[in-house]
Novice: 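The structure under discussion is supplied below as structure tokens; questions concerning it will follow.
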Amino acid sequence: MENQEIFSMLATYDHEQIVFCNDNATGLKAIIAIHNTVLGPGLGGTRIWNYKNDAEAIYDVMRLSRGMTYKAAISGLNLGGAKAVIIGDATKIKTEALMRKFGRFVENLNGKYITAEDVNTTTRDMEYVQMETSHVVGLPESMGGGGDPSPVTAYGVYMGMKASAKNVFGTDSLAGKKIAVQGIGKVGGHLLEFLHKEGAELIIADINETVLKHYAETMGAKVVAGDEIYSQEVDIFAPCALGAILNDANIAKLKCAVIAGAANNQLAEEEIHGPLLIQKGITYAPDFLINAGGLINVYQEHIGYNRETAYRKAEHIYDVTQEILKVSADEKIHTQKAAINLAEKRIQDIAKVRATY
Ligand code: NAD
């Protein structure tokens with residue numbers, strides 16, 4: 001990749017800074033992308049991934065860091081957006097030394113970037129990072145952290161789902177509503193607890209048979225095989241496993257009125273599939289808004305952890321979802337676009353606040 005291409009990508013996505021970290025001794029090759037710090041330090045997890053080439057890693061970290069900017073902004077947090085990727089196969093490259101070396105690179109940024117766990121990094125890895133820098137969140141409760149953010153993420157998704165239900169069905173009660181959940185992992189499992197407690201009728205799919213059996217037995221959830229989850233006749237579909245599942249093929253199969261789930265980047269192509277869902281009469285609760293509970297949880301850790309405050313802030317996702325659905329209807333734009341506009345407006349407004357001393 002030509003140097004010029006990197007700078008044109010920086011300009012396109014409007015990034016502030018990209019840091020390339022190399023350490024031959026530990027084998028660390030990492031990229032930290034700081035997208036926007038108008039609202040506060042850039043916070044975003046560190047992902048370890050075996051990218052095909054450097055260009056793919058750069059593209060991924062830039063895309064993900066921009067997503068963090070929007071997620072923090074729309075959640076009303078005083079945080080900017082950033083993300084880091086460590087290049088390589090996590091099962092082969094991950095060592096204490098590599099994670100600590102990465103921690104030193106984070107430390108060198110003096111708090112402009114705050115890291116956390118992400119795909120292929122764990123709380124244990126963050127303990128190593130924390131040995132070299134204080135700019136890390138997502139630590140275990142035993143170390144003063146907020147622990148697993150998934151329950152708060154699930155609560156936020158539940159709030160976004162209820163707000164969408166209110167908009168579409170006239171009531172936010174989910175009692176008796178048919179809800180299909182794809183992916184019963186850390187977030188999906190907690191989400192099922194909320195939905196079951198409220199009396200929803202559950203349909204579930206996962207690739208893990210043990211998990212499916214558990215929820216079928218304990219909650220009477222109906223299990224469907226793999227991709228059949230898309231064609232279920234339900235009130236609400238909650239994607240909680242994979243990104244890019246709202247594509248041409250799957251949208252054609254959907255028979256739901258609302259989509260509200262935890263998975264990141266659900267729309268395969270925002271400007272194609274956002275409008276397509278509107279055409280099909282499906283209300284889509286923007287993923288980066290309703291799955292922000294995890295970020296809200298780690299932000300609390302950054303300012304002094306309090307679990308109750310984290311849940312209270314995640315509850316606010318209900319109001320913001322309603323606002324987005326209203327703007328989407330009023331301005332005739334798809335909901336993801338309405339959410340991005342709102343996030344960008346907050347950044348612009350706060351930039352003005354900070355324009356003078
Ligand atoms: P997880 O790995 O614990 O759970 C994912 C589940 O999806 C697993 O049970 C897995 O078996 C299942 N799955 C994988 N492929 C599948 C397929 N083809 N069909 C059906 N099920 C499949 O992950 P998680 O932490 O629960 O996160 C779920 C989603 O939410 C991810 O997209 C994640 O990026 C996003 N998210 C999570 C958090 C959080 O706090 N954990 C926060 C924001 C967003």
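Computed from heavy atoms alone, side chains included, the values below leave out hydrogens, waters and symmetry copies. Indexing begins at 1, ligand by ligand and atom by atom, following the structure's order.
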Novice: Taking 4.0 Å as the limit for heavy-atom contacts, which would you say applies to Cys240 with ligand 1: side chain only, backbone only, both, or neither?
Specialist: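 The backbone, only.
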Novice: Does ligand 1 have an atom under 4.0 Å from some heavy atom of Val211?
Specialist: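 No; Val211 lies far enough from ligand 1 that no heavy-atom distance drops under 4.0 Å.
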Novice: Do any N/O atoms on Leu242 end up under 3.5 angstrom from N/O atoms on ligand 1?
Specialist: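 Leu242 vs ligand 1: no N/O contact under 3.5 Å.
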Novice: Which bit of Asn291 gets closer than 4.0 Å to ligand 1, counting heavy atoms only: side chain, backbone, both or neither?
Specialist: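 Both backbone and side chain.
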Novice: Compute whether any side-chain donor of one residue and acceptor of the other, for Asp248 and His273, lie under 3.5 angstrom apart.
Specialist: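 Distance-only check passes for Asp248 and His273.
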Novice: Indicate yes or no: does an N/O atom of Lys186 lie under 3.5 Å from an N/O atom of ligand 1?
Specialist: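 Between Lys186 and ligand 1, an N or O pair is found under 3.5 Å apart.
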Novice: Is there any N or O on Lys71 that sits under 3.5 Å from an N or O of ligand 1?
Specialist: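 Between Lys71 and ligand 1, no N or O pair is found under 3.5 Å apart.
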Novice: Would you indicate whether the side-chain heavy atoms of Phe237 and Ile245 approach each other to under 4.5 Å?
Specialist: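 Heavy-atom side-chain distance check passes, below 4.5 Å.
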Novice: Can you check whether Gly146's main-chain N or O pairs, donor with acceptor, with Glu301's side chain at less than 3.5 Å?
Specialist: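 The answer is yes, because a donor-acceptor pair under 3.5 Å joins these two groups.
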Novice: Tell me the protein heavy atom at minimum distance from atom 26 (O) of ligand 1, and give that distance in Å.
Specialist: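 For this ligand atom, the closest protein heavy atom is Val187 N, 2.8 Å.
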Novice: Tell me whether Gly226 reaches ligand 1 (any heavy atom closer than 4.0 angstrom to a ligand atom).
Specialist: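 Per 4.0 Å heavy-atom rule, Gly226 does not contact ligand 1.
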Novice: Could you walk me through whether Lys112 and Glu16 satisfy the salt bridge (Lys or Arg N to Asp or Glu O under 4.0 Å) test, starting with their C-alpha distance in whole Å, then the side-chain angles of each, then the deciding distance to 0.1 Å, before giving a yes or no?
Specialist: CA-CA 11 Å; Lys112 189 173 181 184; Glu16 289 179 16; 3.6 Å; yes
Novice: Is the NZ or CZ atom of Arg66 both under 6.0 Å from the centre of the six-membered ring of Tyr70 and within 45° of that ring's axis?
Specialist: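 No, a cation-pi geometry is absent between Arg66 and Tyr70.
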Novice: Looking only at protein heavy atoms, which one is nearest to atom 9 (O) of ligand 1, and what is the separation?
Specialist: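 Protein heavy atom at minimum distance: Asp206 OD2, 2.7 Å.
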Novice: With a 4.5 Å heavy-atom cut-off, do Tyr158 and Glu198 have their side chains touching?
Specialist: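 A side-chain contact exists here, since the closest heavy-atom pair is under 4.5 Å.
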Novice: Give the residue and atom name of whichever protein heavy atom lies nearest to atom 32 (O) of ligand 1, and the separation in Å to one decimal.
Specialist: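 Scanning the protein heavy atoms, the shortest distance from atom 32 (O) of ligand 1 goes to Ala241 O, 3.2 Å.
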Novice: Hey, is CG on Asp54 packed in by over 12 heavy atoms from elsewhere, all under 6.0 Å?
Specialist: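 Not more than 12 within 6.0 Å, no.
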Novice: What is the distance from atom CD1 of Ile179 to atom CD1 of Ile204, rounded to the nearest 0.5 Å?
Specialist: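 If we round to the nearest 0.5 Å, Ile179:CD1 and Ile204:CD1 are 13.0 Å apart.
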Novice: Test your reading of the structure: does Asn264 have an N or O sitting under 3.5 Å from an N or O of ligand 1?
Specialist: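 The answer is yes, given that Asn264 and ligand 1 share an N or O pair closer than 3.5 Å.
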Novice: Examine distances only and state if a side-chain atom of Thr153 and a backbone atom of Gly294 form a donor-acceptor pair shorter than 3.5 Å.
Specialist: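 Such a contact is found between Thr153 side chain and Gly294 backbone.
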Novice: Among all the protein's heavy atoms, is there at least one whose distance to atom 2 (O) of ligand 1 comes out below 4.0 Å?
Specialist: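 Given the 4.0 Å limit, the answer for atom 2 (O) of ligand 1 is no, no protein heavy atom qualifies.
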Novice: Pairing donors with acceptors under 3.5 angstrom, does anything connect the side chains of Tyr318 and Asp172?
Specialist: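 Judged by distance alone, the side chains do pair up.
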Novice: Have a look at Gly156, Pro151, Gly185, Gly294 and point out the one with the heavy atom closest to atom 4 (O) of ligand 1.
Specialist: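 Selected option, by shortest heavy-atom distance: Gly185.
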Novice: Among all protein non-hydrogen atoms, which one is nearest to atom 40 (O) of ligand 1, and what is the separation to 0.1 Å?
Specialist: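 The protein heavy atom lying closest is Thr153 OG1, 2.7 Å.
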Novice: I'd like the name of whichever of Ile229, Ile207, Leu191 reaches closest to atom 14 (C) of ligand 1 through any heavy atom.
Specialist: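 Going through Ile229, Ile207, Leu191 one by one, Ile207 has the nearest heavy atom to atom 14 (C) of ligand 1.
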Novice: Could you say whether the N/O atoms of Ala262 and ligand 1 ever approach to under 3.5 Å?
Specialist: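 Yes, there is a polar N/O contact under 3.5 Å.
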